[in-house]
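Each remark here refers to the structure printed beneath this line.
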Amino acid sequence: MSAHLLDVRDLGKRFSRNGRLVTALDGISLTVARGETLALVGPSGSGKSTLGRAILRLIEPDRGEISFEGKNLLGLNSADLRAARARLQMVSQDPQAAFNPRATVARVIDDPLRIHGLGSRTERPAMIARLLERVGLSPDLHRRAVHEISGGQRQRVAIARAIATKPSLIVLDEAVSALDVSVRGDILELLADLQRDENIAYLFISHDLGVVRAVAHRVAIMDAGRIVETGDARTVVADPQSATGKALVAAVPKLRYRAATEKA
Ligand SMILES: Nc1ncnc2c1ncn2[C@@H]1O[C@H](COP(=O)(O)OP(=O)(O)OP(=O)(O)O)[C@@H](O)[C@H]1O
Ligand SMILES: [Mg+2]
């Protein structure tokens, strides 16, 4: 048993595509501590989303182990898996694709409460109002359809839905990538507030090294289904050791400049 919140060991996953096997995860091991943000970066197709989805048990890995809150996630019966799922949530880039766009905001947040048996039918509207306030939205928004609200508001609703079941870990898969810069900053601030208040850990999948440097405690760099480098986020972004890390940083001129001036 692991003392870490999340402990992934030697995870492997291959997909068959057009009769060919694609190795998406090739022996991934990592840990996440309670209240920690681990960023996952890497080129497109390196396996980041597959890793996030495997941890959420949205896909079954071919091999390896995942321990979450001290339990073997891959060996749980369906009742225990359901309980674990309440503690393990996800926010993706496009919540509109994840929700029924015609559903109301209230419905989207009510679903996890109902599924996990949190609150009675009469208690849940007040719970939904509190969750909306917690993510900086007016409770009056609850009647609106998710397709009617702005992208930033929708991402706040996705976060409200994710925290409804009091998770200890949220996988954020490019969760702020589609937002424009000022909205992105507000959402990152909200995520930081929630982490500080609720001690939530984040697996923060991102291609934006500037954001990673600002929000993550540690970073893991993936390439072709493997982790090629891990370390303190600022240190790795300032001075990556792996070829993949160097290439990622070199692709962002501003970061290269900042790393150079900070070293001087
Ligand atoms: N359901 C699937 N069926 C077949 N192949 C898949 C499937 N999901 C992912 N793959 C393949 O697995 C590899 C890893 O994909 P993944 O989506 O995890 O990469 P990623 O790092 O998230 O990329 P991006 O930065 O573009 O989001 C890719 O080669 C991808 O084509
Ligand atoms: Mg992805």
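- Contact between S46 and P43 at its shortest, heavy atoms only, is OG-O, 2.6 Å.
- Grouping the Ile, Leu, Val, Met, Phe, Trp and Tyr side chains by contacts below 4.5 angstrom, directly or via other members, places I59 apart from L30.
- The CD1 atom of I109 lies 11.0 Å from the CD1 atom of I159; values are rounded to the nearest 0.5 Å.
- L58 and L40 fall within the same hydrophobic cluster, defined by Ile, Leu, Val, Met, Phe, Trp and Tyr side-chain heavy atoms under 4.5 Å apart, directly or through other members.
- At a threshold of 4.5 Å between non-hydrogen side-chain atoms, the residues V249 and D239 do not count as touching.
- With sequence neighbours left out, R196 forms a salt bridge (Lys or Arg N to Asp or Glu O under 4.0 Å) with D193.
- Looking at I163 and Q89, their side chains never come closer than 4.5 Å, going by heavy atoms from C-beta outward.
- In this structure, the side chains of D7 and H4 come closer than 4.5 Å at one or more pairs of heavy atoms.
- The minimum heavy-atom distance between P240 and K246, with the atom names listed, is O-NZ, 3.3 Å.
- With values rounded to the nearest 0.5 angstrom, I28 atom CD1 is found 10.0 Å from T50 atom OG1.
- One distance of note links CZ of R53 with CD1 of I205; it measures 10.5 Å at 0.5 Å rounding.
- Inter-residue side-chain proximity for Q195 and H217 is flagged as met; some heavy-atom pair is nearer than 4.5 Å.
- With hydrophobic clusters built from ILVMFWY side chains whose heavy atoms lie under 4.5 angstrom apart, L132 shares a cluster with L190.
- Side-chain contact check for L172 versus L203: every heavy-atom pair is 4.5 Å or farther apart.
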Margin query: One pair to check against side-chain contact (heavy atoms from CB on, under 4.5 Å): V215 and L191. What are the steps and the verdict?
Written below: CA-CA 9 Å; V215 306; L191 291 169; over 6 Å; no
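- The two residues L11 and A54 make their nearest non-hydrogen contact at CD2-CB, 4.0 Å.
- Listed for the N18 side chain is no donor-acceptor partner under 3.5 Å among the backbone atoms of R20.
- When side chains are defined from C-beta on, I221 counts as touching L248, because their heavy atoms get closer than 4.5 Å.
- Between R184 and D186 there is no salt bridge, since no side-chain N of the basic residue sits under 4.0 Å from a carboxylate O of the acidic one.
- E229 and T244 form no side-chain donor-acceptor contact under 3.5 Å, judged by distance and modelled atom types alone.
- Side-chain N or O atoms of T104 include one that pairs as donor or acceptor with a backbone N or O of R107 at under 3.5 Å.
- With 3.5 Å as the limit, one finds a donor-acceptor pair spanning the side chains of D173 and S49.
- To the nearest 0.5 Å, atom CD1 of residue I128 and atom CD of residue E133 are 13.0 Å apart.
- Geometrically, K71 does not engage F68 in a cation-pi contact, judged by NZ or CZ lying under 6.0 Å from the ring centre and within 45° of the ring axis.
- Taking the side chain as every heavy atom from C-beta outward, L118 and M127 approach each other to under 4.5 Å.
- Under the 4.5 Å side-chain contact rule for hydrophobic residues, V171 and L76 share a cluster.
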Margin query: Is there a salt bridge (Lys or Arg N to Asp or Glu O under 4.0 Å) between D26 and R63? Walk through the geometry before answering.
Written below: CA-CA 10 Å; D26 188 10; R63 65 181 163 94; 3.6 Å; yes
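- Scanning both residues, L73 and R57, for their nearest heavy atoms gives O-NH1, 2.8 Å.
- The existence of a salt bridge linking D111 and R114 is confirmed by a sub-4.0 Å separation between a basic side-chain nitrogen and an acidic carboxylate oxygen.
- Residue R226 places its CZ atom among 12 or fewer non-hydrogen atoms of other residues, nucleotides or ligands, all under 6.0 Å distant.
- For R14 against T23, the heavy-atom pair with the smallest separation is CD-OG1, 3.3 Å.
- Interatomic distance, L137 CG to H142 NE2, rounded to the nearest 0.5 Å: 13.0 Å.
- The residues R85 and D80 are annotated as not salt-bridged, no charged nitrogen and carboxylate oxygen being separated by less than 4.0 angstrom.
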Item checked: Derivation and outcome, salt bridge (Lys or Arg N to Asp or Glu O under 4.0 Å), residues R218 and D232 -> CA-CA 4 Å; R218 286 188 304 127; D232 169 79; over 6 Å; no
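- A salt bridge links D197 with R134: at least one charged nitrogen is closer than 4.0 Å to a carboxylate oxygen.
- For the salt bridge (charged side-chain N to carboxylate O under 4.0 Å, His left out) condition, the pairs that include at least one residue of residues 136-154, sequence neighbours left out, are R144-E148.
- Using a 4.5 Å heavy-atom cutoff, the side chains of L88 and P167 are not in contact.
- Note that CZ of R9 and OG of S29 are 7.0 Å apart. Values are rounded to the nearest 0.5 Å.
- Defined by atom type and a distance below 3.5 Å, a donor-acceptor pair is missing between the side-chain atoms of E174 and S92.
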Note to self: For F204 and L188: C-alpha separation, side-chain torsions, deciding distance, then whether side-chain contact (heavy atoms from CB on, under 4.5 Å) applies.
What the structure shows: CA-CA 11 Å; F204 189 90; L188 290 172; 4.0 Å; yes
Next item on the list: Apply salt bridge (Lys or Arg N to Asp or Glu O under 4.0 Å) to E198 and K166, showing your working.
Entry: CA-CA 8 Å; E198 323 276 344; K166 302 202 177 305; 5.2 Å; no
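- Contact record, V212 with S206: CG2-CB, 3.9 Å, taken as the closest heavy-atom pair.
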